[in-house]
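None of the values given here were measured: they were computed from a predicted structure.
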Amino acid sequence: MSVLNHQIVWSRDAGTSARFLADMLGFEPPVKLGHFVMVQVSPDITFDFMTTDRDITAQHYAFLVSEEEFDVIIGRVRGRALEHWADPAHRDAGTINRLDDGRGVYFNDPSGHELEIITRPYGSGGLDAEHVNPLLAEELAASGRLPDLP
């Protein structure tokens with residue numbers, strides 16, 4: 001069985017971006033390996049930051065965290081006065097979402113990659129959640145219920 005081992009993350013400055021991720025999410029300090037600056041994001045997976053002067057297409061990286069970890073991370077986001085949003089379209093600024101009766105927030109790293117932290121996997125609250133995820137629109141339409149949007 002194949003398991004993801006690493007993800008190369010292009011950045012303007014590999015060290016800055018790797019330290020940002022590690023500091024914000026509470027990972028161990030980055031380790032330099034050749035031209036990569038690596039952050040261990042799970043027991044089997046590293047994000048290998050690499051500096052480039054080419055155009056960078058922003059990517060989205062979502063992390064499932066505990067309620068306690070969420071409190072610490074959102075505290076860091078607010079403490080650094082970082083822009084953050086409840087939604088991926090960046091329309092609901094300065095707030096968090098409550099989808100699936102969890103909490104979620106989006107913020108950008110120094111190279112423009114979008115980081116997301118959530119306390120419940122999307123869709124996990126099902127149709128019984130107080131804050132039904134609008135991604136369940138088909139099921140909501142069939143049930144005749146409207147979603148509680150963030």
Side-chain angles (χ1 to χ4, degrees), residues 1-52 56-137 139-140 147-150:
M1 176 172 139
S2 298
V3 175
L4 181 65
N5 173 261
H6 67 275
Q7 169 75 41
I8 294 175
V9 182
W10 299 104
S11 42
R12 290 287 153 239
D13 181 303
T16 297
S17 291
R19 280 189 302 279
F20 179 85
L21 180 68
D23 291 348
M24 294 304 292
L25 273 63
F27 295 129
E28 292 295 318
V31 174
K32 188 160 177 33
L33 180 64
H35 50 272
F36 294 112
V37 182
M38 301 167 27
V39 177
Q40 193 81 41
V41 299
S42 78
D44 298 319
I45 302 169
T46 59
F47 276 20
D48 298 356
F49 290 86
M50 186 170 173
T51 301
T52 185
I56 295 175
T57 300
Q59 299 294 310
H60 173 93
Y61 301 104
F63 296 88
L64 183 62
V65 300
S66 70
E67 289 288 340
E68 296 77 19
E69 291 166 327
F70 187 95
D71 289 335
V72 170
I73 297 166
I74 193 64
R76 291 177 185 137
V77 168
R78 290 176 174 154
R80 291 186 183 201
L82 296 176
E83 286 186 282
H84 58 284
W85 303 268
D87 64 303
H90 296 186
R91 288 183 287 233
D92 198 3
T95 62
I96 62 172
N97 72 58
R98 300 281 180 178
L99 299 177
D100 296 297
D101 296 341
R103 293 186 290 168
V105 70
Y106 300 78
F107 57 99
N108 291 341
D109 89 340
S111 292
H113 297 296
E114 183 175 69
L115 303 177
E116 177 185 12
I117 54 170
I118 55 174
T119 60
R120 298 273 315 257
Y122 285 139
S124 66
L127 297 178
D128 295 325
E130 180 180 345
H131 303 284
V132 175
N133 191 315
L135 296 173
L136 297 173
E139 290 85 353
L140 289 170
D148 295 327
L149 298 175

Side chain proximity check, [X] to [Y], heavy atoms < 4.5 angstrom:
| X | Y | result |
| --- | --- | --- |
| Thr46 | Phe36 | no |
| Leu64 | Pro121 | yes |
| Glu28 | Gln40 | no |
| Met50 | Thr52 | no |
| Ile56 | Arg12 | yes |
| Leu4 | Ser42 | no |
| Trp85 | Val105 | no |
| Val77 | Phe107 | yes |

Hey, does the side chain of [X] reach the backbone of [Y] with a donor-acceptor pair shorter than 3.5 angstrom?
| X | Y | value |
| --- | --- | --- |
| His84 | Leu82 | yes |
| Asn5 | Ile45 | no |
| Ser11 | Ser17 | no |

Task: Evaluation steps, ring-ring contact (aromatic ring centres under 6.0 Å, His included), between Tyr61 and Phe47 - done: CA-CA 10 Å; Tyr61 301 104; Phe47 276 20; 4.9 Å; yes
- [ ] Could you tell me whether Gln7 atom CD has more than 12 heavy atoms of other residues or ligands within 6.0 Å of it?
- [x] yes
Would you name the heavy atoms of [X] and [Y] that are closest together and state the gap between them?
| X | Y | answer |
| --- | --- | --- |
| Ala14 | Val37 | CB-CG2, 3.8 Å |
| Val132 | Leu127 | CG2-O, 3.7 Å |
| Gly26 | Arg76 | N-NH1, 3.4 Å |
| Asp109 | Phe20 | CA-CE2, 3.6 Å |
| Val41 | Phe27 | O-CE2, 3.6 Å |
| Ile117 | Ile74 | CD1-N, 4.5 Å |

TODO: Go through the structure and list residues passing salt bridge (charged side-chain N to carboxylate O under 4.0 Å, His left out) with Asp13, not counting sequence neighbours.
DONE: none
TODO: With side chain to side chain contact (heavy atoms under 4.5 Å, CB included) as the test, would you mind laying out the steps for Ile96 and Phe70 before giving the verdict?
DONE: CA-CA 11 Å; Ile96 62 172; Phe70 187 95; 3.9 Å; yes
Task: Side-chain ion pair, Arg80 and Asp23, N-O less than 4.0 Å - done: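 Yes.
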Would you compute the distance between atom [atom1] of [X] and atom [atom2] of [Y] and round it to the nearest 0.5 angstrom?
| X | Y | atom1 | atom2 | answer |
| --- | --- | --- | --- | --- |
| His113 | Ser111 | NE2 | OG | 5.5 Å |
| Leu99 | Tyr122 | CG | OH | 5.5 Å |
| Lys32 | Asp48 | NZ | CG | 11.5 Å |
| Asn97 | Ile118 | CG | CD1 | 8.5 Å |
| Glu69 | Glu67 | CD | CD | 10.0 Å |
| Arg120 | Asn133 | CZ | CG | 10.5 Å |

Open item on the list: Applying side-chain contact (heavy atoms from CB on, under 4.5 Å), can you list everything that pairs with Glu114, at least two apart in sequence or on another chain?
Closed with: His60, Pro88, His90, Tyr106, Asn108
